[in-house]
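Worksheet: the structure to be examined is printed underneath.
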There are 2 protein chains.
Amino acid sequence: MAGSRGDKYYDVFLDYRVWLKTVNNEGIMGEGCFGLLKDIKLSGSLKQAADKQEMSYRKAWGIVRKSEDLLGFKLVDKQRGGKDGGHSYLTPEGEDLISAYEELRDDITQSIKRVTKKFFNKINKQ
Amino acid sequence: MAGSRGDKYYDVFLDYRVWLKTVNNEGIMGEGCFGLLKDIKLSGSLKQAADKQEMSYRKAWGIVRKSEDLLGFKLVDKQRGGKDGGHSYLTPEGEDLISAYEELRDDITQSIKRVTKKFFNKINKQ
DNA sequence: CATCGATATGTTAATATAAACATATCTACA
DNA sequence: TGTAGATATGTTTATATTAACATATCGATG
């Protein structure tokens, strides 16, 4: 029976989240912002990135703005008007941030995998 | 200036959270529940544990109940009535869970520290 | 110089989460 | 046998987070 003592806990798992935050505990960047920035890099458009991430443009714009406001510098170089209506590109700082974050996330994923294995070994032995 | 390019990012840091969850993505245990269980172990009382964690008894009780409901077994052996009004002790399963979780958390803390160092080295070099 | 499509942003409605309030139940012990 | 103090739980209020709606602006190009 699911959850009962003695089964192998196949129905539970360890989950985690990481954020870059200000010392004032305000979230600068998490998975949402990261995904957005990555898709901006791919598509050259905040709107397209928002669509890809299945969030409203309003929300996506707000996430980027908050992040930039907290950091004090631009992550995205945004242009409006013109034939295509506008476009968005990552600034060098934006590029730096997502590559560092990606590396961070990969590293933590490994850690979590290792710890998860250990955790469930321990639990299942008991 | 805080946040501006070129400073050492002293004003930002990496934060994280971990949870034990059901595959249905319901939280079984996080820091809140862990802290409670630990204080129940120390005090022998859900009420005292709630006070220690600075949360209402109602909330504490709900956290433990949800956790137990999802797992399908008891984490706390609760007795009511009597001279002292009642008491709560961890079940062997509860003991197992907090010791495993504690080990898990310690391990992840180490991982995060290592990754944080790497992250900020990278960021600050750029 | 009108259009189109993306950026920009205020406002309001809907949900979800958490806090607060209220009240009942249990039982060793004086 | 009434009391005290902790467990047990429904209900409601408040708060925070997210989604939805509405509307303005910009500017290369036909």
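Labels below follow one simple rule: chain letters A, B, ... track the order of the sequence lines, proteins then strands, and each chain is numbered from 1.
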Legend entry - Rounded distance (nearest 0.5 Å) linking atom OG1 of A:Thr91 with atom CG of A:Leu37: 9.0 Å

Inset, instruction - Check for a donor-acceptor pair, side chain of A:Ser67 on one end and backbone N or O of A:Ile63 on the other, with a separation under 3.5 Å. - result: no

Inset, instruction - Give the rounded distance in Å between these two atoms: OH of A:Tyr89 and P of C:dT7. - result: 10 Å

Inset, instruction - Using five pairs at either end of the helix from C:dC1-D:dG30 to C:dA30-D:dT1, determine the angle between the two local helix axes and round it to 10 degrees. - result: 10°

Inset, instruction - Quick one, give me the B/S/- string for nucleotides 16-30 of chain C, reading 5' to 3', where B means a protein heavy atom under 4.0 Å from the base and S means that only happens at the primed atoms, P, OP1 or OP2. - result: ---SBB---BBBBS-

Inset, instruction - Would you mind checking if A:Lys41 and A:Glu95 are paired as a salt bridge, meaning a charged N to carboxylate O distance below 4.0 Å? - result: yes

Inset, instruction - Check the surroundings of atom NZ in B:Lys78: do more than 12 heavy atoms from other residues, nucleotides or ligands lie under 6.0 Å from it? - result: yes

Legend entry - Whether over 12 other heavy atoms sit under 6.0 Å from B:Lys21 NZ: yes

Inset, instruction - Please confirm whether the backbone N or O of A:His87 pairs with a side-chain atom of A:Ser45, one donor and one acceptor, at under 3.5 Å? - result: no

Inset, instruction - Would you kindly give the CG-to-P distance between B:Leu46 and D:dT9, to the nearest whole Å? - result: 12 Å

Inset, instruction - Check the distance between D:dT9's P and B:Glu68's CD and give it to me in whole angstrom. - result: 11 Å

Legend entry - Residue B:Lys47, side-chain heavy atoms: nucleotide from C:dT9, D:dA8, D:dA6 that is nearest: D:dA6

Legend entry - Note: B:Glu31-B:Arg105 ion pair, threshold 4.0 Å (strictly below): yes

Legend entry - Rounded distance (Å) that lies between atom P of D:dA20 and atom CH2 of A:Trp61: 18 Å

Inset, instruction - Using whole Å, report how far NZ of B:Lys66 lies from C1' of D:dA8. - result: 19 Å

Inset, instruction - Inspect the surroundings of CZ in A:Arg17 and state if more than 12 heavy atoms from other residues, nucleotides or ligands are less than 6.0 Å away. - result: no

Inset, instruction - Round to a whole Å and report the spacing from CZ of B:Arg65 to C1' of D:dG10. - result: 11 Å

Legend entry - d(CG, A:Asp84; P, D:dC26) in whole Å: 19 Å

Legend entry - Residue-phosphate contact under 4.0 Å: B:Ser88 side-chain N/O, D:dA6 OP1/OP2: no

Inset, instruction - Kindly indicate whether the side chain of B:Leu46, heavy atoms from C-beta on, has any atom under 4.5 Å from the side chain of B:Trp61. - result: yes

Legend entry - For atom CD1 of B:Ile63 and atom C1' of D:dT7, their distance in whole Å: 16 Å

Legend entry - Touch class at under 4.0 angstrom, heavy-atom based, for A:Gln48 against every strand present: nothing

